[in-house]
Amino acid sequence: MKHNPEFDESADMRLVELQRAALGVEARPRTTWESGLHGAAESLATVPETPAASAVIVVELTASPAAGVIPGAVVTVSLSLANDGVQEAHDVRIGVPLPGAATYRNGSFVRDGRPQLDDAADELFEGGTLVASIAPKSRVTFLWKISVRLGNNDLLLAPAASARDAAILGAQSLAVSRKSGAATSFAGEVARSAVLTEEPSASADAKPFYELDDEEQLVHEAADAALAPVGVTTARSDSQPEPKSEPEPEPAPAAPRVPDTVMLFGQIDRLSLSYFERIFNGTKPPTLLNHFMLGGALSCSRTASGADIGGIKAHLDAQGQLLQRIVLHEKLGKKEPIAEYAGKLDVRLDELRPAPAQAPVPADDPRVVALECEISGPACAVLRKMHEERARWDFTKARQFALALQAQRVVLQWQHTAADDALRNYSQVSATQLQRFFVRMRIDRTTGLLFSNDDTLDTAARRLISTLLALFAS
């Protein structure tokens, strides 16, 4: 059958041409663009396909879950490099920087189904991993887990691949979106509890379907225990009156409820405050290391009677000596890995139990300020978990441990609203600003980060120090 060129036109255009012919109107000449289109179509039909003659690396990056995550969620990231070409690919390198609002889960890095050391994960996050060569029709896979932290922006996973003699396809960025309106798993449970007493059908979403990290899982379990519905007595379905029963004996008075928080106490003297005043108001800007020292001085470790729970005071003193050693080594130009300054967790946290609140024993020395720290039940559970996993103790956990014991209030004769506000503000700012440091510590394992500056932290520290020193003059 002879090919009709008009068949390549659309039905509407053919109908227009037929109507023009019926009316005796001259056929519309083809435009240059239409003529070129037909010519290009005919030329493309005659061009044979050229098979690939080199290596072609196809990069595929996935995350689970990829959307609706909250702080505390654990995201599993998988990366695949496949050679779909006919030649071997050489000097293949792949890197995926760790998102700023996420931390790597230690011990989760797997390559080709085999667990790897965390150093291999750091290599992937920093300069990239050298895969060497990939044979045709072969594949290299990576898998690791990250924990979502506080923040508003999505988590961006941006793979960067290169090869000496291969084309790279599919290396596209992947954004893991956050769930709007949910700060943490615990916040979601609080929102759910707010409507349980009103209308069960309007309750918020329960625990997310995906995995939570250890800390957030403990928080969620604590929330579940606190929000567990109590038994509700239902009315009888029949209208008959209930039979009279003998009066029951009056129940015995209930024992006082033990709170689910642990109260610890500490103190800081005037000489220590004067020392920190010189540091934070000196000519040189203070560093994060100075804030860690201040946090240690503000930590609480004793009961109301003055007893040291499980040796926490001795542990904090040893940590303070390690921080001073970092300062000395920096002056001497001695560079050591930051892991050398982590120390050990030689405490007995099983003694850290909730107890009824009571006033601390007054300090005889008028040159000290009495401090108070309230540790919630979930926070105690996190500290105990650190104790159980002492083999994974590192410099970051040492700083988080001290941060959890940092004072929040001034007590006894030193009670003062301005001092309480300054203490609470510094505690909150430290918990927020230092999270960035903890994230960066997963990548940079040197002491260089300890000598960086943070203006927000510095401002809060200066206000706290001046407020506490003012108590001695009052």
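It should be emphasised that the depicted structure is a prediction, and the values quoted were computed from it without experimental measurement.
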Spell out, as yes or no, whether a donor-acceptor pair under 3.5 Å connects the side chain of [X] to the backbone of [Y].
X    : Y    : result
D165 : H90  : yes
H291 : S430 : no
R424 : R409 : no
E330 : R325 : no
R105 : S147 : no
S138 : I134 : no
W144 : Y104 : no
D118 : G107 : yes
N83  : Q87  : yes
S299 : G295 : yes

Find the distance between [atom1] ([X]) and [atom2] ([Y]) and round it off to the nearest 0.5 Å.
X    : Y    : atom1 : atom2 : answer
T467 : D420 : OG1   : CG    : 10.5 Å
M386 : E388 : CE    : CD    : 12.0 Å
T447 : L288 : OG1   : CG    : 12.0 Å
R139 : T141 : CZ    : OG1   : 8.5 Å
L345 : R392 : CG    : CZ    : 13.5 Å
Q172 : L61  : CD    : CG    : 10.5 Å

Around atom [atom1] of [X], are there more than 12 heavy atoms of other residues, nucleotides or ligands at under 6.0 Å?
X    : atom1 : answer
D112 : CG    : yes
E340 : CD    : yes
N106 : CG    : yes

(request) Please list all pairs passing the ring pair (Phe, Tyr, Trp, His ring centres under 6.0 Å) test where one or both residues lie in residues 149-171, with sequence neighbours left out. (result) none
(message) side chain to side chain contact (heavy atoms under 4.5 Å, CB included), that's the test. Do V148 and R178 meet it? Break it down for me.
(response) CA-CA 9 Å; V148 182; R178 294 176 178 268; 3.6 Å; yes
Pairwise side-chain contact, [X] with [Y], heavy-atom cut-off 4.5 Å (strictly under):
X    : Y    : result
L383 : F401 : yes
L371 : L423 : yes
T287 : N453 : yes
F142 : V96  : no
K344 : R390 : no
L298 : L464 : yes
L289 : V327 : yes
L155 : I146 : yes

Can you see which heavy atom on [X] is nearest to which on [Y], and at what distance?
X    : Y    : value
A402 : L316 : CB-CD2, 4.4 Å
S427 : A407 : CB-O, 4.3 Å
P159 : I94  : CB-CD1, 4.2 Å
S133 : E88  : OG-OE2, 3.2 Å
E336 : K334 : OE2-CE, 2.9 Å
P99  : L156 : CG-O, 3.5 Å

(message) As a test of understanding, state which of E372, E374, Q428 forms a side chain to side chain contact (heavy atoms under 4.5 Å, CB included) with Q408.
(response) E374
(message) Restricting to salt bridge (Lys or Arg N to Asp or Glu O under 4.0 Å), what partner residues turn up for D317, sequence neighbours left out?
(response) K313
(request) Under the side chain to side chain contact (heavy atoms under 4.5 Å, CB included) rule, what do V77 and L174 come out as? Steps first, then yes or no, please. (result) CA-CA 10 Å; V77 183; L174 175 65; over 6 Å; no
(request) Find out whether the Lys NZ or Arg CZ of R111 is both under 6.0 angstrom from the six-membered ring centre of F109 and within 45° of the ring's axis. (result) no
(request) Please lay out, stage by stage, how L434 and L457 fare under the test side chain to side chain contact (heavy atoms under 4.5 Å, CB included). (result) CA-CA 9 Å; L434 292 181; L457 262 177; 3.8 Å; yes
(request) Show your reasoning for whether side chain to side chain contact (heavy atoms under 4.5 Å, CB included) applies to I326 and M293. (result) CA-CA 11 Å; I326 296 176; M293 292 179 176; over 6 Å; no
(message) Regarding S64 and T76, do their side chains bring together a donor and an acceptor under 3.5 Å, going by distance alone?
(response) no
(request) List the steps, then state whether ring-ring contact (aromatic ring centres under 6.0 Å, His included) holds for F292 with F437. (result) CA-CA 12 Å; F292 290 140; F437 169 81; 5.3 Å; yes
